[in-house]
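Report on one structure; see the data block that follows.
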Amino acid sequence: MTPHPPALQIQQVHVALGGTAVLRGVTLSVRRGELVALIGPNGSGKTTLLRAILGLQSIDSGEIQILGAPISPSTLARVGYVPQKLELDRGFGLSVREFLALRLPETRHWLWQSHRKIDAALAPSVEELGVMPLLNRPVSRLSGGQLQRVLIAWSLLRKPELLLLDEPTAGVDTPGERSFYELIESVHRRHQMTIILVSHDLSMVFRHAQWVFALNGVVCCQGTPEDIIRNDSLKEAYGLHLTPYHHHHSGEVSHVH
Amino acid sequence: MFTEAYMLRALMASVLLGPVCGLLGVFVTARRLAFFSDTVAHSALAGVAIGLWLGASDPTPAMLAVSIGVASLLLWLRQRTELLTDTILALLLSTSVALGVVIFSQLKGYRGEMERYLFGDILSVSPMDLLTASIISVGVTVLILVWFNALTLITTHEDLAHVTGIPVRWINLGFTLALTLVVTLAIRLVGIILVTSLLVVPAATARNIACNLRQQTVIAWLLGLGSALGGVVASYSFNLPCGPTIVLVCAALFVASLALQKVVRPSGHTPAR
Ligand SMILES: Nc1ncnc2c1ncn2[C@@H]1O[C@H](COP(=O)(O)OP(=O)(O)OP(=O)(O)O)[C@@H](O)[C@H]1O
Ligand SMILES: [Mg+2]
């Protein structure tokens, strides 16, 4: 085994759902410590690919290696996953403190532990994300942006080496989105972890990601954000309804539908 | 006051089943399983009818068997078809009630029997029922406490639970079985038509005044105990039908919780809309 296998290696992965080939031979490799974006139009298989990486979706053929090993409970223990939203009902009284306590071995018995003890266990990993003031709030009543912070805090509690986020800013307003991406970048910098981000927001992706994969059943192009913008295959992936352009002074990129 | 043996049995049944219903109710409400529990309860009517028809002196085994059968049928139909769970439940509920009523109509000498199951009857708790209830309620309570973190996470996000290494399928199956058993046993006390409220109302009342899941769980447990016990005592004292009395106690406590909500969580996290 090489000392530093890639954070994620995917070889010729095929997945068919309900008779349609959704993933048709996806091959990609993510280096350790990179902040990578996965883009693609609706229905291009981004969520399916993420679910396959997490072992939630079985693959018909191909190979997936996480941190140099096949998917197993012990490799998944080194992976963090931030879903887009929770399925939580308002009738469920779960507080942020209780939700976070579920994640740590030392607060496994939170039902019988004092708040002070739980908070002491949570604080080191959670404080930097600004989640401490939210601890008493019911999870079901958080705003989109607050929930995203809590979900990231939840995955960081186990110090993952690879963090997967599925459309983290859907339903978050523009200022919230900006501060969210800044948060992700600072987490990335501080913890030196590999982050894979699924997103529709190309301007944010191009600003913050170090490497971009464009997916449309297969990886149709990849490269640094600058390469991707120049490359025509992105238009191909999005079915030609996309016109990325530069704001010359800021380097900002937008897209027009 | 309560020296009659049947009354002692009814009191013990309420102490055994009320709290575990409250506990289960926390997850039943959060996971929208109220209609499921209603269906399982109604399918027990077919169970009773089949049991009596087969000449069993105690219909409890037949009730449990049919309820578990209907619960499995639901899981199977949900996998086999594209139908919504709601639709499948409505289908199973009406079919089993129809089957129960038709069989009852063919049985001789059981005219009044059906009502005892529909609305509950404190006279109907047998010593054998009590034994079954103690085993199942202790077993289910232990199961819920052992699985508490897993159930909480599954309720929050199933995929997240899966990725965390929780055996989601097994725990869902175990929870469904536990719920089926408890609902079927509680029918003796509360009756088929009203049993779901013993699951749903204490948990909902608890949600009104609790600030977190720990409080909601403890309060729902206590309210389940209080309403079942209070209902049985009131039903005996005022000669009222047992099930409806228990449900009215639950409902009264719910109304009280709405008033208390303002005191307990004055600025709190009351719904904005
Ligand atoms: N269970 C399923 N059965 C059949 N087809 C499915 C199933 N789940 C997803 N699909 C199809 O697979 C394709 C890929 O879906 P996927 O959710 O991976 O796309 P996506 O890139 O995440 O899209 P979006 O940007 O809308 O989130 C879609 O065409 C979808 O209709
Ligand atoms: Mg998606």
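A, B, ... follow the sequence lines: proteins, then strands. Residue 1 opens every chain. Keep in mind that this is a model prediction, so the values were computed, not measured.
Heavy-atom distances place no part of A/Gln57 under 4.5 Å from chain B, backbone and side chain included. Contact of A/Leu86 with chain B is made through backbone and side chain together, with heavy-atom distances under 4.5 Å. Heavy atoms of B/Arg31 lying under 4.5 Å from chain A are absent altogether.
The CG atom of B/Asp159 sits 10.5 Å away from the OG1 atom of A/Thr47 when rounded to the nearest 0.5 Å. To the nearest 0.5 Å, atoms CD (A/Glu98) and OG1 (B/Thr217) are separated by 7.5 Å. To the nearest 0.5 angstrom, A/Leu94 atom CG is 9.0 Å from B/Leu153 atom CG. Residue B/Phe148 holds its CZ atom at 8.5 Å from CH2 of A/Trp112, rounded to the nearest 0.5 Å. Atom CG of B/Leu213 is separated from atom CZ of A/Phe99 by 12.5 Å, given to the nearest 0.5 angstrom. In this structure, CG on B/Leu160 lies 7.0 Å from CG on A/Leu151, to the nearest 0.5 angstrom.
Taking 4.5 Å as the limit, every side-chain heavy atom of B/His157 sits out of range of all side-chain heavy atoms of A/Trp154. Proximity of A/Phe92 to B/Thr29: side-chain heavy atoms (C-beta onward) are nowhere separated by under 4.5 Å. Residues B/Arg207 and A/Pro138 meet the side-chain proximity criterion, which asks for heavy atoms closer than 4.5 Å.
Side-chain atoms of B/Gln216 come within 3.5 Å of backbone atoms of A/Gly91 as a donor-acceptor pair (strictly under, hydrogens ignored). No donor-acceptor distance shorter than 3.5 angstrom exists from the side chain of A/Arg108 to the backbone of B/Asn149, with no hydrogens or angles considered.
Residue A/Arg190 places its CZ atom among more than 12 non-hydrogen atoms of other residues, nucleotides or ligands, all under 6.0 Å distant. Around the CE atom of A/Met132, the shell of radius 6.0 Å holds more than 12 heavy atoms that belong to other residues, nucleotides or ligands.
For A/Arg51 and B/His162, the side-chain atoms include no donor-acceptor pair closer than 3.5 Å.
No other option in A/Gly55, A/Pro83, A/Ser95, A/Ser140 has as many heavy-atom pairs under 4.5 Å with chain B as A/Pro83.
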Between B/Arg214 and A/Arg97, does the side chain to side chain contact (heavy atoms under 4.5 Å, CB included) criterion hold? Intermediate values first, please. CA-CA 11 Å; B/Arg214 169 160 57 188; A/Arg97 176 184 289 108; over 6 Å; no

